[in-house]
Amino acid sequence: MATLLRKQIEKSPNLIIDGLNPEIVVSVGGDGTLLSAFHHYQDISDRVRFIGIHTGHLGFYTDWRDYEVNDLVASLENDNGQSVAYPLLDIKVNYAGGGAADIGLSLNESTLKQISGSMVADVYIKNQLFESFRGDGLCISTPSGSTAYNKSIGGAIINPRLNAIQMAEISSINNRVFRTLGSPLIIAPDEWIKIVPKSTHRTILTCDHQVITTRQIASVEYRISQKRIAFAQYRHMQFWRRVSNSFIGKVDLDD
């Protein structure tokens with residue numbers, strides 16, 4: 001499929017293939033392939049738009065099917081810069097013992113988990129202690145990522161038009177001794193989340209499909225990024241229709 005797409009683009013006198021400084025990145029595969037493409041080009045995400053062609057059965061970031069290559073190429077030839085943008089998640093990792101912090105950017109979610117046993121961590125919202133968490137871990141997601149891992153652990157689905165992030169618990173422990181809120185939290189644009197693990201040597205931090213680090217973590221800070229991901233909006237599917245098609249199978253929602 002990727003080879004066919006390349007051949008069709010090469011036939012066009014108005015299109016040029018540029019892997020170093022593209023204006024539009026076309027991903028062929030599924031959501032995982034598009035996540036990889038996003039991280040490959042995230043340093044120039046402010047001037048790149050993405051398009052997804054999906055070759056499987058489920059794709060939240062992929063608007064085109066594998067049999068629509070000719071239609072896609074025609075849209076590329078008539079491109080006028082139209083786009084739709086989604087929020088991203090900023091991740092700042094502070095390490096035990098000091099040193100330079102690591103900065104990450106997530107399209108879907110970031111998780112903080114314990115390698116073995118229960119993770120114990122203090123959760124701060126806007127520098128105010130909110131709760132002491134005990135369980136398998138925590139997941140911080142973007143609105144577009146709310147339909148991914150976040151949904152599987154009971155998180156809410158958020159329309160990407162909302163500039164917010166969400167924290168959902170992964171198998172929290174709630175009894176007479178230990179207590180957490182036990183429901184997802186949706187964080188406003190002027191707020192941020194800081195997680196401080198009590199045990200720093202057995203935690204693992206992920207960003208989308210990548211493991212960021214297994215080093216000793218002092219704290220992780222999450223906030224809505226000033227950056228956004230842009231998709232070429234030739235026929236970008238309305239969000240709730242996408243959700244309905246993917247999880248329910250209905251197609252009767254209006255645009």
Side-chain angles (χ1 to χ4, degrees), residues 1-10 12 14-91 104-110 141-150 158-163 165 207-210 224-243 245-246 255:
M1 175 52 56
T3 302
L4 174 61
L5 175 63
R6 186 181 185 91
K7 288 181 178 180
Q8 294 297 94
I9 292 175
E10 288 174 341
S12 172
N14 302 317
L15 301 176
I16 298 173
I17 295 177
D18 184 351
L20 294 178
N21 294 288
E23 296 179 6
I24 296 176
V25 173
V26 182
S27 166
V28 180
D31 285 347
T33 308
L34 194 138
L35 282 170
S36 296
F38 163 72
H39 284 286
H40 183 78
Y41 290 104
Q42 71 179 47
D43 291 340
I44 57 171
S45 60
D46 58 335
R47 59 181 189 269
V48 171
R49 288 172 294 149
F50 291 85
I51 294 174
I53 301 177
H54 75 91
T55 56
H57 302 288
L58 183 64
F60 266 88
Y61 295 118
T62 49
D63 290 310
W64 298 82
R65 294 304 307 267
D66 50 4
Y67 50 80
E68 298 176 307
V69 170
N70 291 336
D71 293 336
L72 173 56
V73 172
S75 295
L76 290 170
E77 290 176 324
N78 295 282
D79 175 72
N80 62 6
Q82 65 267 52
S83 66
V84 58
Y86 289 171
L88 298 170
L89 175 68
D90 275 340
I91 308 167
L105 188 65
S106 173
L107 174 56
N108 266 6
E109 76 279 309
S110 172
S141 62
T142 65
S144 55
S146 66
T147 56
Y149 183 52
N150 167 77
I158 304 176
N159 192 311
R161 293 171 61 190
L162 297 177
N163 199 31
I165 57 175
C207 172
D208 292 333
H209 57 302
Q210 304 168 332
I224 299 168
S225 178
Q226 295 298 312
K227 298 180 179 180
R228 297 171 75 85
I229 182 173
F231 291 88
Q233 193 181 20
Y234 303 133
R235 60 167 197 188
H236 202 65
M237 187 182 294
Q238 191 260 4
F239 178 71
W240 293 116
R241 174 176 290 180
R242 188 187 302 270
V243 172
N245 286 350
S246 298
D255 287 328

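Annotation for Gln210: atom CD counts as buried by contact number, over 12 foreign heavy atoms lying within 6.0 Å. Under a cut-off of 6.0 angstrom, the local environment of CD in Gln226 is sparse, with at most 12 non-hydrogen atoms contributed by other residues, nucleotides or ligands. For Ile16, the CD1 atom is loosely surrounded, since the number of other residues' heavy atoms within 6.0 Å does not exceed 12.
Here the closest heavy-atom approach between residue Ser83 and residue Arg49 is recorded as CB-CD, 3.6 Å. Nearest heavy atom pair, residue Ser36 against residue His209, reads OG-NE2, 3.2 Å. The minimum heavy-atom distance linking Leu105 with Cys207 is given by the pair O-SG, 3.3 Å. Of all the heavy atoms in Val25 and Pro22, the pair that sits closest is CG2-CG, 3.7 Å. The shortest non-hydrogen separation linking Pro87 to Leu162 is CG-O, 3.6 Å. Minimum interatomic distance between Tyr41 and Gly19 (heavy atoms only, all atoms of both residues): OH-O, 2.7 Å.
For the atom pair Thr147 OG1 and Phe239 CZ, the distance stands at 5.5 Å (nearest 0.5 Å). Note that CG of Leu88 is 6.5 Å distant from OG of Ser45, once rounded to the nearest 0.5 Å. Between atom CG of residue Leu4 and atom CD1 of residue Ile9 there is a gap of 10.0 Å, rounded to the nearest 0.5 Å. Atom-to-atom distance recorded for Thr142:OG1 and Tyr86:OH is 10.0 Å, nearest 0.5 angstrom. Expressed to the nearest 0.5 Å, how far CZ of Phe50 lies from CG of Leu35 amounts to 10.0 Å. Atom OG of Ser106 is separated from atom CD1 of Ile229 by 10.5 Å, given to the nearest 0.5 angstrom.
With a 4.5 Å cut-off on side-chain heavy atoms, Asp79 and Tyr234 count as touching. Counting heavy atoms from C-beta outward, Arg242 and Asp63 have side chains that approach closer than 4.5 Å. Between Asn150 and Glu109 the shortest side-chain heavy-atom distance does not fall below 4.5 Å. Under the 4.5 Å side-chain criterion, counting only non-hydrogen atoms from C-beta, Leu34 is in contact with Phe231. The shortest distance between side-chain heavy atoms of Val73 and Leu5 falls below 4.5 Å. Considering only heavy atoms from C-beta on, Gln42 stays 4.5 Å or farther from Lys227 through its side chain. Contact check for Ile53 versus Thr62: no side-chain heavy atoms found under the 4.5 Å cut-off. Residues Asp31 and Asn108 have side chains not in contact (no heavy-atom distance under 4.5 Å, counting atoms from C-beta outward).
Side-chain N or O atoms of Gln238 include one that pairs as donor or acceptor with a backbone N or O of Arg241 at under 3.5 Å. At least one donor-acceptor pair under 3.5 Å links the side chain of Asp208 to the backbone N or O of Leu107.
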Step-by-step side-chain contact (heavy atoms from CB on, under 4.5 Å) determination, Val28 to Thr33:
CA-CA 7 Å; Val28 180; Thr33 308; 5.9 Å; no
Please lay out, stage by stage, how Leu15 and Gln8 fare under the test side-chain contact (heavy atoms from CB on, under 4.5 Å).
CA-CA 10 Å; Leu15 301 176; Gln8 294 297 94; over 6 Å; no
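Remark: the Tyr61 side chain and the Ser144 side chain contain an N/O donor-acceptor pair separated by less than 3.5 Å.
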